[in-house]
Amino acid sequence: MMFLLKCPNCKNKMKYQSKGMILTGKRKKCVYCGKSYNVREAIVKKISN
């Protein structure tokens with residue numbers, strides 16, 4: 001599954017690939033500003049593969 005995420009700090013968008021459907025507790029570090037955030041709360045949309 002591929003998702004489009006939006007960083008809550010710098011508002012930049014980036015892709016995130018998940019191996020499973022469970023996104024609870026997953027965290028990602030922004031490649032632009034370095035802030036770590038919850039994946040589930042930052043999902044903008046699902047990208048079809």
- request: Walk me through it: do Lys11 and Lys6 pass the test side-chain contact (heavy atoms from CB on, under 4.5 Å)?
  value: CA-CA 6 Å; Lys11 310 296 188 229; Lys6 186 175 185 180; 3.9 Å; yes
Exercise for review: Measure the spacing between SG of Cys7 and NZ of Lys13 and express it to the nearest 0.5 Å.
Suggested key: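 One finds 12.5 Å between SG of Cys7 and NZ of Lys13.
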Hey, could you give me the CD/CZ distance between Glu41 and Arg27, rounded to the nearest 0.5 Å?
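CZ of Arg27 is found 8.5 Å from CD of Glu41.
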Does a side-chain heavy-atom distance below 4.5 Å link [X] with [Y]?
X     : Y     : result
Ile47 : Phe3  : no
Tyr32 : Met14 : yes
Gln17 : Met1  : no

Minimal non-hydrogen separation, Leu5 against Val39, with atom names:
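Heavy-atom minimum between the residues: CD2-O, 3.8 Å.
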Distance-only donor-acceptor hits, side chain of residues 19-26, under 3.5 Å, sequence neighbours excluded:
from	atom 1	to	atom 2	distance (Å)
Thr24	OG1	Arg40	NH1	3.0

What pairs with Lys29 under side chain to side chain contact (heavy atoms under 4.5 Å, CB included), at least two apart in sequence or on another chain?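 Applying side chain to side chain contact (heavy atoms under 4.5 Å, CB included) to Lys29 gives none.
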